[in-house]
Amino acid sequence: MVEVRDRLSIKQKLLAHIERLRKEKPTLVGAPITDLEIQPQSVSAIAAITEELETLNPFPQPLLSASNLLNGAWLLQYSTAREIRSLKRLPLGFQVGKIYQTIDVNEATFENKALVQHRLGGLSGYVRVTATFEPAKEGEDILSNQRINVNFQQRFLGIQRILGIQTNWLDPMRVVEAKNPVGRIPSLKITYIDETMRIGRGGDESLFILTRE
């Protein structure tokens, strides 16, 4: 019981810290924050709280004992990943809003979907990437209980509304093959998961903090 109370307390502390930092930034409601937008001491604080929570992971082998918890839609709260940073610097007055990751364990698929809106409010749409995944191998034919390998498939760009008018003919307006990194397999290590929160670290040690929608 003490560990459960500690875990809940640290989770609340982490989310409260992220929300406080979000309110200091002129972002769309629900948009994640990144390490490039905040002061170094705040980056260090989030890293320290996250590492503390990871030590209390109730499912240290999530692919083996908690794969069902992965299912569903997750909302990104904070990240240090390069691809998330780039979405926060969109050109031509566009801003990124909520970023979702929806996982289907049975089909071993997921998609990342970033909602996008022009700062003047006249246009809204999304950027969506689909992918498949499988447990990574740790050594000789030993499947990981924490790390998955990712194969990105397609990238979609859609415009959903212009001046409040629904634009079905532009949804999507472009579909291209998604590019996987050259010379390496993208991977994600699930370092914490419970019914409402998930923490992961990319192959480059980038951090993702998500909450269940």
Which pair of non-hydrogen atoms, one from Asp194 and one from Tyr192, has the smallest distance, and what is that distance? OD2-OH, 2.7 Å

State plainly whether the residues Glu54 and Arg201 are in salt-bridge range, i.e. N to O under 4.0 Å. yes

Can you tell if the side chain of Glu83 reaches within under 4.5 Å of the side chain of Val129, non-hydrogen atoms only? no

Mind checking the OG1-CG spacing from Thr34 to Leu207? Nearest 0.5 Å is all I need. 11.5 Å

Just so I know, are the side chains of Leu56 and Ile10 near enough to count as touching, which here means a heavy-atom distance under 4.5 Å? yes

Taking everything shown except Lys189 itself, do over 12 heavy atoms lie less than 6.0 Å from its NZ? no

Roughly how far, to the nearest 0.5 Å, is OG1 of Thr132 from CD1 of Ile148? 10.0 Å

Are Arg20 and Ile18 side-chain neighbours, meaning at least one heavy-atom pair lies under 4.5 Å? no

Shortest non-hydrogen contact from Ile33 toward Arg22: CG2-CA, 3.9 Å

Should we say atom CZ of Arg155 is surrounded by more than 12 heavy atoms from elsewhere, each under 6.0 Å from it? no

Roughly how far, to the nearest 0.5 Å, is NZ of Lys98 from CD of Gln77? 9.5 Å

Atom of Ile84, atom of Ser79 and distance for their closest heavy-atom approach: CG1-OG, 3.6 Å

A side-chain contact here means heavy atoms from C-beta on lying under 4.5 Å apart; do Phe133 and Ile103 qualify? yes

Polar side chain donor-acceptor pair, Arg198 to Gln101, under 3.5 angstrom: yes

Rounded to the nearest 0.5 Å, the CG atom of Leu70 sits from the CD1 atom of Ile190 at a distance of 4.5 Å

If you group Ile, Leu, Val, Met, Phe, Trp and Tyr by side-chain heavy-atom gaps below 4.5 Å, do Val150 and Leu210 land in one group? yes

If we only count heavy atoms from C-beta on, is the Val96 to Leu115 side-chain gap below 4.5 Å? no

Give me the atom names and distance for the closest heavy-atom approach of Ser206 to Ala81. CB-CA, 3.6 Å

Which atom pair, heavy atoms only, marks the closest approach of Asp35 to Val43? O-CG2, 3.6 Å

Under a 3.5 Å distance rule, please check whether Arg128 uses its side chain to pair with a backbone N or O of Gly158 as donor and acceptor. no

With no hydrogens and no angle check, do the side chains of Ser124 and Gln160 hold a donor and an acceptor under 3.5 Å apart? no

Distance (rounded to the nearest 0.5 Å) between Ile199 CD1 and Leu53 CG: 4.5 Å

Measure from the side-chain N and O atoms of Ser9 to the backbone N and O of Arg5, and report whether any donor-acceptor pair falls under 3.5 Å. no

Kindly say whether Leu63 contributes a backbone atom to a donor-acceptor pair with the side chain of Asn145 at under 3.5 angstrom? no

Assess whether atom CD of Glu107 is packed by more than 12 heavy atoms of other residues, nucleotides or ligands within 6.0 Å. no

Answer yes or no: is there a side-chain heavy-atom contact under 4.5 Å between Ile159 and Tyr126? no

Quick test of your reading of the model: are Lys25 and Glu37 salt-bridged, counting only N-O distances below 4.0 Å? no

Decide yes or no for Leu64 and Gln146: does some side-chain heavy atom of the first lie under 4.5 Å from some side-chain heavy atom of the second? no

List, one per line, each side-chain donor-acceptor pair under 3.5 Å for residues 175-185, sequence neighbours excluded.
unit_1, atom_1, unit_2, atom_2, d
Asn180, OD1, Phe152, N, 2.9
Asn180, ND2, Asn151, OD1, 3.1
Asn180, ND2, Phe152, O, 3.2

